[in-house]
Amino acid sequence: MKIEKIESYPPLTIDEQETVLTWDAKERAWHICTDYPAHARKYEVELDESKTVKKGYRDGALVMIDGYLDESAYTVRIGKKRHYSDEQRAKMAERLKIAREKK
């Protein structure tokens, strides 16, 4: 495991911050690079530390990560957002209500 720490990662404007998730066919793993602090904190624990990882800090706080996701803990899927009619939502709410009452 090799962790490279960047202690004084430069400040970025909100327009410059991004999260990039790519499939690396050679490594057969998802690569994540983000300098959006909330995403860096969220995905830090999911990094595969058997591979090289970069972490950027500003004033002691994690603001950037660059590494591979641990594929035993994460899978990445992209799906269509579902749109329900009012009638469908009402039916789902009724089913959920019945299920909760059974407990």
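This is a predicted model, so every value here is computed, not measured. All values below were derived from every heavy atom in this structure, side-chain atoms included, with hydrogens, water molecules and symmetry-related copies excluded. Quick note: residue numbers are just sequence positions, from 1.
- Not counting sequence neighbours, the partners of E101 by the side chain to side chain contact (heavy atoms under 4.5 Å, CB included) test are K97.
- Remark: I14 pairs with Q17, Y36 by the side chain to side chain contact (heavy atoms under 4.5 Å, CB included) rule, at least two apart or across chains.
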Enumerate donor-acceptor pairs with a distance under 3.5 Å from any side-chain N or O in residues 57-70 to protein atoms, sequence neighbours excluded.
residue	atom	partner	partner atom	Å
R58	NE	Y9	O	3.1
R58	NH2	P10	O	3.0
D66	OD1	H31	NE2	2.6
Y68	OH	D24	OD2	2.7
D70	OD1	S72	N	3.1
D70	OD1	S72	OG	2.8
D70	OD2	S72	OG	3.2

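- Remark: T13 pairs with E16 by the side chain to side chain donor-acceptor pair (under 3.5 Å) rule, at least two apart or across chains.
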Fill in: Chi angles and distances behind the side-chain contact (heavy atoms from CB on, under 4.5 Å) call for L96, M92
CA-CA 6 Å; L96 183 59; M92 290 187 299; over 6 Å; no
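- In the hydrophobic clustering, where aliphatic and aromatic side chains (Ile, Leu, Val, Met, Phe, Trp, Tyr) are joined below 4.5 Å either directly or transitively, I98 stands alone.
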List the atom pairs, donor and acceptor, that lie under 3.5 Å between side-chain atoms in residues 40-48 and the rest of the protein, sequence neighbours left out.
residue	atom	partner	partner atom	Å
E44	OE2	K55	NZ	3.0
D48	OD1	S50	N	3.0
D48	OD1	S50	OG	2.6
D48	OD2	S50	OG	3.4

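- Each salt bridge (charged side-chain N to carboxylate O under 4.0 Å, His left out) pair with one or both residues in residues 74-92, not counting sequence neighbours, appears once here: D86-R89, E87-K91.
- Take T19 and apply the side chain to side chain donor-acceptor pair (under 3.5 Å) test, not counting sequence neighbours, and it matches T34, H39.
- For V20, the side chain to side chain contact (heavy atoms under 4.5 Å, CB included) partners are E18, T22, not counting sequence neighbours.
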